[in-house]
> 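Let me begin by handing over the structure; questions about it come next.
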Number of protein chains: 2
Amino acid sequence: MSTIGYREAMTEPRWLTAAEMRAWLGYRRMRRLLDLRVNRDLAADAGLSEQDYDVLSILSEPHDQRLRVGELSERLLWTRSGLSRHLGRMEQRGLVTRDDDPDDARGTVVALTAAGRTAIQDAAPGHVASVRRHLIDRLTPAELRTLGDIAEKVLDD
Amino acid sequence: MSTIGYREAMTEPRWLTAAEMRAWLGYRRMRRLLDLRVNRDLAADAGLSEQDYDVLSILSEPHDQRLRVGELSERLLWTRSGLSRHLGRMEQRGLVTRDDDPDDARGTVVALTAAGRTAIQDAAPGHVASVRRHLIDRLTPAELRTLGDIAEKVLDD
DNA sequence: AGCCGATAGTTGACATGTAACCGATCTTCG
DNA sequence: CGAAGATCGGTTACATGTCAACTATCGGCT
């Protein structure tokens, strides 16, 4: 036994093969760089963070004009506390509002403001172009399909 | 024009098709959940963060026993300041040491301690098992290969 | 030799995430 | 009805990242 990390082949644990390691390390690096690039574009073009965009995007869907904080946190795979903080910042900036839920006094309902709607309308075209430039348009249809399959398998639980 | 986000088809910007959106949103959710799961395992099993593991892993490679901070930051795709702070924490915990580079007085050389070596040796088997469980073993060899290809295309610049 | 822009690493100010806990409210069941 | 426990959203304490500024050093060019 000598080397540690992901690299060596041993018999005890099932270490990663070269192909498996390529996939894993590739995923790790892709994650870093892709997110960096897309988020940088979004911040430069629209003054929004990835998180802002995600929240606005969900709220702007036709049937989700008003959403409970808890439901939003589930959709975003976020902790409630993190979302609560983030909504506070977005509220400060005038992008969303928070009001007591009339049906459940424990709850809070989040809604877009006019400014929030404008913000995502303005941001969307550039953001989609950025996602295309950095990811989508670099891949073949078959690769895109496989990426979707992979995500499905990983998420399935 | 009505809906905003990633969802609608328009003519002006090239919005995402259903397949493209599946890939992009799938990637986004996979990123969140996969990282969460792997990092949780690593923290529970070995008391290390993903970042700790990455640093230790590189330093434990045979020819990289001593590395400049700058080179480490390039390999990890990290900012220097972030790495500097992280190394400070790891140094506190006795996992690595930092010393002046004898060849370039501006530089700092990072090295593993005995405890650092032990830490990654202990952590590696469980971590590999975790990566297998949450990602590798869920995919076919063809999917793994495609994932590697995708990462390569995205990183290539 | 000596100056000056480039480079290395650290640090201060700040942004933003999580985990643990809290008060308010709902819901279930005796 | 009314108490026990679950649930909701938020807050406090803390971890950890970025950007910009800073100090020290290097190295090419005159």
Side-chain angles (χ1 to χ4, degrees), chain A residues 28 31-33 35-44 47-56 59 66-93 95-111, chain B residues 28 31-44 47-55 59 66-93 95-111:
Chain A
R28 298 286 311 280
R31 196 192 61 176
R32 251 193 202 288
L33 257 192
D35 296 353
L36 193 72
R37 291 173 183 165
V38 171
N39 293 347
R40 180 179 298 155
D41 285 351
L42 188 57
L48 295 176
S49 71
E50 170 189 13
Q51 293 83 352
D52 296 332
Y53 193 92
D54 288 344
V55 170
L56 295 177
L59 286 176
R66 300 167 59 71
L67 262 186
R68 295 278 301 250
V69 171
E71 188 167 354
L72 198 50
S73 80
E74 280 176 25
R75 291 235 215 147
L76 293 167
L77 298 178
W78 261 21
T79 61
R80 294 211 175 154
S81 71
L83 179 57
S84 175
R85 293 178 155 290
H86 198 80
L87 289 175
R89 287 188 290 264
M90 292 182 76
E91 197 177 22
Q92 287 284 319
R93 293 196 285 154
L95 297 171
V96 299
T97 56
R98 280 190 289 192
D99 297 290
D100 294 340
D101 185 340
D103 301 332
D104 181 345
R106 294 170 305 179
T108 301
V109 178
V110 185
Chain B
R28 297 287 310 277
R31 197 193 58 177
R32 250 192 201 290
L33 258 191
L34 179 56
D35 296 353
L36 193 72
R37 290 173 184 164
V38 171
N39 292 347
R40 180 178 296 155
D41 284 351
L42 189 56
L48 295 176
S49 70
E50 169 189 11
Q51 293 83 354
D52 296 332
Y53 193 91
D54 288 344
V55 170
L59 287 175
R66 301 168 58 72
L67 262 186
R68 295 279 300 249
V69 171
E71 188 167 354
L72 199 50
S73 80
E74 280 176 25
R75 292 236 215 147
L76 293 166
L77 297 178
W78 262 21
T79 61
R80 297 221 174 142
S81 71
L83 179 57
S84 176
R85 289 178 183 290
H86 197 79
L87 289 174
R89 288 188 289 264
M90 292 183 75
E91 196 176 24
Q92 287 284 319
R93 293 196 284 152
L95 297 171
V96 299
T97 56
R98 281 190 288 192
D99 297 290
D100 294 340
D101 185 338
D103 300 331
D104 181 346
R106 294 170 304 178
T108 301
V109 177
V110 185

> Closest to the A:R89 side chain: D:dG17, D:dG9, C:dT16?
C:dT16

> Answer with base, sugar-phosphate or nothing: what part of the nucleic acid does B:G82 contact at a heavy-atom distance below 4.0 Å?
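Answer is base: heavy atoms of B:G82 come under 4.0 Å of a base.
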
> Provide the closest heavy-atom pair for B:L83 versus B:S73 in the form atom of the first, atom of the second, distance.
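Here B:L83 and B:S73 meet closest at CD2-N, 3.5 Å.
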
> If you compare every side-chain N and O of A:Q51 against the phosphate oxygens of C:dG17 (OP1, OP2), does one of them come in below 4.0 Å?
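Result: yes.
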
> Determine: side-chain N/O of A:R85 to OP1/OP2 of D:dG9, distance under 4.0 Å, yes or no.
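Looking at the OP1 and OP2 atoms of D:dG9, neither is under 4.0 Å from any side-chain N or O of A:R85.
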
> Closest approach to the side chain of A:R98, judged atom by atom: which nucleotide of D:dC19, C:dG17, D:dG10 is it?
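Nucleotide nearest to A:R98's side chain: D:dG10.
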
> Between A:L77 (CG) and C:dT18 (P), how many Å, whole number?
11 Å

> What is the distance from CG of B:L83 to P of D:dC19, rounded to the nearest Å?
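The distance from CG of B:L83 to P of D:dC19 comes to 15 Å, rounded to the nearest Å.
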
> Hey, could you give me the NE2/CG distance between A:H86 and A:D52, rounded to the nearest 0.5 Å?
4.0 Å

> Where each residue is assigned the nucleotide of DNA chain D containing its nearest heavy atom, which of A:V109 and B:W78 is assigned the position nearer the 5′ end?
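Looking at DNA chain D, the more 5' nearest nucleotide goes with A:V109.
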
> Looking at CG of B:L48 and CE of B:M90, how far apart are the two atoms once the value is rounded to the nearest 0.5 Å?
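Output value for this atom pair is 7.5 Å.
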
> Which whole-number value in Å describes the distance from A:D103 CG to D:dC8 C1'?
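Checked: the CG to C1' distance equals 14 Å.
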
> Tell me whether the side-chain N/O atoms of A:S84 come closer than 4.0 Å to OP1 or OP2 in D:dG9.
no

> Which of the following nucleotides, C:dT10, D:dC26, C:dA19, is nearest to the side chain of B:V69?
C:dT10

> Figure out the CG/P separation between A:D104 and D:dA6, and round it to whole Å.
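About 17 Å, once rounded to whole Å.
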
> Under 4.0 Å between any heavy atoms, over every strand shown, what does B:D101 touch: base, sugar-phosphate, or nothing? Just pick one.
nothing

> Can a donor-acceptor pair be found, under 3.5 Å and without considering hydrogens, that links the side chain of A:R98 to the backbone of A:V69?
no

> For A:R93 and A:G47, which heavy atoms make the closest approach, and how far apart are they?
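Between these two residues, the closest heavy atoms are NH1-O, 3.7 Å.
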
> Should B:S81 be listed as having a side-chain N or O under 4.0 Å from OP1 or OP2 of D:dC19?
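For D:dC19, neither OP1 nor OP2 has a side-chain N or O of B:S81 closer than 4.0 Å.
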
> Could you state the CG-C1' distance from B:L76 to D:dT16, rounded to the nearest angstrom?
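In whole Å, D:dT16 C1' lies 15 Å from B:L76 CG.
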
> Round to the nearest Å and state the distance from A:L87 atom CG to D:dC8 atom C1'.
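So the CG-C1' distance, A:L87 to D:dC8, works out to 14 Å.
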
> Without decimals, in angstroms, what is the distance between A:R32 CZ and D:dT18 P?
7 Å

> Within the structure, does a side-chain N or O atom of B:R106 lie under 4.0 Å from either OP1 or OP2 of D:dC26?
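Looking at the OP1 and OP2 atoms of D:dC26, neither is under 4.0 Å from any side-chain N or O of B:R106.
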
> Side-chain N or O of A:R80 versus OP1/OP2 of D:dT7: is the shortest distance under 4.0 Å?
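Indeed not, no polar side-chain atom of A:R80 lies that close.
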
> Can you name the nearest heavy-atom pair linking A:R68 to A:V109, along with the distance?
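Taking every non-hydrogen atom into account, CD-CG2, 4.4 Å.
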
> What integer distance in Å separates B:D35:CG from C:dG17:C1'?
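It works out to 14 Å between those atoms.
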
> If only side-chain N and O atoms of B:H86 are considered, is one of them under 4.0 Å from the OP1 or OP2 phosphate oxygen of D:dG17?
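For D:dG17, OP1 or OP2 has a side-chain N or O of B:H86 closer than 4.0 Å.
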
